[in-house]
There are 2 protein chains.
Amino acid sequence: MGATIKDIAKYTGLSIATVSKYINGGNVLEKNKVLLDEAIKVLDFKINEMARGLKTNRSMTVGIMIPSLENIFFTSIISNVENILLQNGYSSIICDYREDPHLEREKLDFLLSRKVDGIIMVPHSNNAAFIQSVVEKGIPVVFIDRYLEDVQCDVVLVDNINASYNAVEQLIIRGHKRIGIICGPSNIYTTKERLKGYVRAHEDYAVKVDNDLVQYGKYDVESGYHMLIHLLKMENPPTAVYVTNYEMTLGAIMAINEKGIKVPDQMSLIGFDNIQLAKIVKPSLSIVVQPMKEIGEKAAQVLLSRLNKENTGGPSISRLKTELLIRESIKSVQA
Amino acid sequence: MGATIKDIAKYTGLSIATVSKYINGGNVLEKNKVLLDEAIKVLDFKINEMARGLKTNRSMTVGIMIPSLENIFFTSIISNVENILLQNGYSSIICDYREDPHLEREKLDFLLSRKVDGIIMVPHSNNAAFIQSVVEKGIPVVFIDRYLEDVQCDVVLVDNINASYNAVEQLIIRGHKRIGIICGPSNIYTTKERLKGYVRAHEDYAVKVDNDLVQYGKYDVESGYHMLIHLLKMENPPTAVYVTNYEMTLGAIMAINEKGIKVPDQMSLIGFDNIQLAKIVKPSLSIVVQPMKEIGEKAAQVLLSRLNKENTGGPSISRLKTELLIRESIKSVQA
DNA sequence: GGCAAAGAACTAAACGTTTAGCTTACAGGA
DNA sequence: TCCTGTAAGCTAAACGTTTAGTTCTTTGCC
């Protein structure tokens, strides 16, 4: 179908070695250069990455694995990752393992058979041993958002603990004593971290944590809705609620609207992630903003520096800072 | 690194041809079969898809292109596409062209250099001529969601016209004469179709269309919000509003909540796409539901049947039906 | 003019598969 | 016993590159 390096050689009268050299940035005589450029254009030559990959043992492909393609936090990160990788000549095979450890393992296997040069992933489960074996094969792996102890690889995280700490601190400063938190699933890294910040802020200000105020959702719209309803129904409901991801924030807002709760008069609210949403909601929502663009870029860069052998050191941890936007949705409680 | 077919040959004492034959489903003696299975397991053999692709001239890879990775309608479709393709041994290179025709062209070029066997895409702009040239190269292309006249390829659409028609009809039946519609960008295929259904329903029931009630947004949360506010501010505002995608529906709901509009007493509302959202909102939202799962599956199947040469006929159009869920958010107006 | 050094181009093998065409082994029928 | 047919296995070439090692060409210097 397409022209090959051989066709170019025939067209120009040069050897295929010379053609290859030129394609890979080698020096050729000026007149040959002109000739080659012409041939490439005329014959519409595109290098065959499969043949090249076979020789060089590099596929120029990286695998990206996330728990769900329906979670905008992940998709917006990988959108950035994909873009940067593309600029560097890499294509990305994006896989969605649907929160299923078994599928995670399977797709990882698939990526390996595709001979990806590296992997960027949001790890889910206890496939740690398997992932570690991938790392040991010499395939660089970068974790995003979550951390697994037993895997020796680079990680890009946000400072979840302090993100939560700062958010909750703002509520405590404003006199709130009963602060609800809507967490993700209890076995997930970010859940633990975000909860830790919540607890730590309470400790530092000597406010007691009421475990009934700690609710575990599933990081989806529905559970955000239900957990907020649940908090409202308590006999001694919280005066403020902190929700720890975008989808659940959305759900919580739906619940609040439905119940006709006045924010911030009847309840203060701090949400997560989506700055666009925060602007639209009235009263404007206070939120913890994760730097999705930076996370994606950082992860891509870390992986690229491994792929280019610029970085051959031990595993690195990048911990990016979140931003806390204080808007109208929180106010002080009168004592 | 990994074991090759040669290593398997050495281990078993068979020739590489026999090994290859077995791997590809050929017959071998029972005892050799056992031996081969053992070798494959022991040596952890994974076929090298690049070498195979070089010989067979098939990369077992398909390209997927969507306008944005931050639009849940698209991501949930490709989640299904990716899954089905994977089950058939194909990997997908997912690209997001960020609504940019220039980038669309560039990424398409990239996919070609990756020698993808086929392409599934949501086309955006007037790259029609270029896409047609891809088709003519013999690379099957399947369009999703949108249609471009000048390209001879398979298309998977939903019946946007009747989706809109049915939704608007329900409003007209309930006595609404002034029905607002929040459309997408005016140059997009789905926008035109959805508007057409709106107009047609008006025609069939002899209700005049007031062009001021037709608002064009950008298929994002923000514009849904703004367009609804705009409609409310009119001196003669609509008694019902029909919003034509998920993100804008979200924005519209935010606006309604902010303004304290009672649905359906002060305004009837029909939204789009997200069934989960529809359940959560109170009063429960009437919506047009697109069969995302089916769209993804259909597109994957259509492409696979081209790749397997099961279908060598002319371009096909699959038009899937939407579903209209009538809930509490609409009611009759008293004459 | 002769020679060395540098630069450009060439030859040929290799990467890990598939596959056409050939050989071998074996069973069954005449 | 010999022949034929069939199934299983084998040999070797090819896919489109890269690259080590070699040869050819040019240039500069003595």
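Heavy-atom basis, side chains included; hydrogens, waters and symmetry copies ignored. Per chain, numbering begins at 1; letters A, B, ... match sequence-line order.
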Integer-rounded Å distance: [N] [atom2] and [X] [atom1]:
{"X": "Arg58(B)", "N": "dG16(D)", "atom1": "CZ", "atom2": "P", "result": "17 Å"}
{"X": "Glu30(B)", "N": "dA7(D)", "atom1": "CD", "atom2": "C1'", "result": "15 Å"}
{"X": "Lys6(B)", "N": "dC10(D)", "atom1": "NZ", "atom2": "P", "result": "16 Å"}
{"X": "Tyr22(A)", "N": "dG7(C)", "atom1": "OH", "atom2": "P", "result": "19 Å"}
{"X": "Ile23(A)", "N": "dT18(D)", "atom1": "CD1", "atom2": "C1'", "result": "11 Å"}
{"X": "Leu29(A)", "N": "dA6(C)", "atom1": "CG", "atom2": "P", "result": "18 Å"}
{"X": "Arg114(B)", "N": "dG16(D)", "atom1": "CZ", "atom2": "C1'", "result": "15 Å"}
{"X": "Ile5(A)", "N": "dA9(C)", "atom1": "CD1", "atom2": "P", "result": "14 Å"}

Considering only heavy atoms, which members of residues 10-21 of chain B lie under 4.0 Å from some atom of DNA chain D?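 Result for residues 10-21 of chain B: Gly13(B), Leu14(B), Ser15(B), Ala17(B), Thr18(B), Lys21(B), sorted by number.
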
Would one find a side-chain N or O of Asn57(A) under 4.0 angstrom from OP1 or OP2 of dC15(C)?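 The answer is no; no side-chain N or O of Asn57(A) sits under 4.0 Å from OP1 or OP2.
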
Search all heavy atoms of Arg146(A) against all heavy atoms of Leu157(A) and return the closest pair with its distance. N-CD2, 3.6 Å

Could I get the full list of salt bridge (Lys or Arg N to Asp or Glu O under 4.0 Å) partners for [X], not counting sequence neighbours?
{"X": "Asp145(A)", "result": "none"}
{"X": "Arg114(A)", "result": "none"}
{"X": "Lys6(B)", "result": "none"}
{"X": "Glu297(A)", "result": "Lys293(A)"}

For the helix from dG1(C)-dC30(D) to dA30(C)-dT1(D), what angle lies between the axis at the first five pairs and the axis at the last five pairs, to 10 degrees?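 Both end axes considered, the difference amounts to 50°.
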
So, Glu104(A) side chain and Asn127(A) main chain: donor-acceptor pair closer than 3.5 Å or not?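 Not a single qualifying donor-acceptor pair exists.
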
For residues 31-54 of chain A, which residues have at least one heavy atom under 4.0 Å from DNA chain C? Asn32(A), Leu54(A)

Taking the nucleotide of DNA chain C with the nearest heavy atom to each, does Asn27(A) or Thr56(B) sit closer to the 5' end?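 First, find each residue's nearest nucleotide; the 5'-ward one identifies Asn27(A).
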
For Asp7(A), what residues pass the side chain to side chain donor-acceptor pair (under 3.5 Å) criterion, not counting sequence neighbours?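 Applying side chain to side chain donor-acceptor pair (under 3.5 Å) to Asp7(A) gives none.
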
Can you list the residues that meet the side chain to side chain donor-acceptor pair (under 3.5 Å) rule with Asp117(A), with sequence neighbours excluded?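 Side chain to side chain donor-acceptor pair (under 3.5 Å) check on Asp117(A) returns Ser59(A).
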
Please list all pairs passing the salt bridge (charged side-chain N to carboxylate O under 4.0 Å, His left out) test where one or both residues lie in residues 57-75 of chain B, with sequence neighbours left out.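 As it turns out, there is no salt bridge (charged side-chain N to carboxylate O under 4.0 Å, His left out) pair with a partner in residues 57-75 of chain B once direct neighbours are skipped.
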
Name each donor-acceptor pair under 3.5 Å that joins a side chain in residues 15-28 of chain B to protein atoms two or more places apart or in another chain, with its distance.
from     : atom 1 : to       : atom 2 : distance (Å)
Ser15(B) : OG     : Ala17(B) : N      : 3.4
Ser15(B) : OG     : Thr18(B) : N      : 3.3
Ser15(B) : OG     : Thr18(B) : OG1    : 3.2
Tyr22(B) : OH     : Asp37(B) : OD1    : 2.7
Tyr22(B) : OH     : Asp37(B) : OD2    : 3.3
Asn24(B) : OD1    : Arg52(B) : NH2    : 3.0
Asn24(B) : ND2    : Ser20(B) : O      : 2.8

For a quick test of your reading: what N or O donor-acceptor pairs under 3.5 Å do the side chains of residues 77-87 of chain A make, sequence neighbours left out?
from     : atom 1 : to        : atom 2 : distance (Å)
Ser79(A) : OG     : Asp96(B)  : OD2    : 2.6
Ser79(A) : OG     : Arg98(B)  : NH2    : 3.1
Asn80(A) : ND2    : Ser76(A)  : O      : 3.0
Glu82(A) : OE1    : Lys107(B) : NZ     : 2.8
Glu82(A) : OE2    : Lys107(B) : NZ     : 3.3

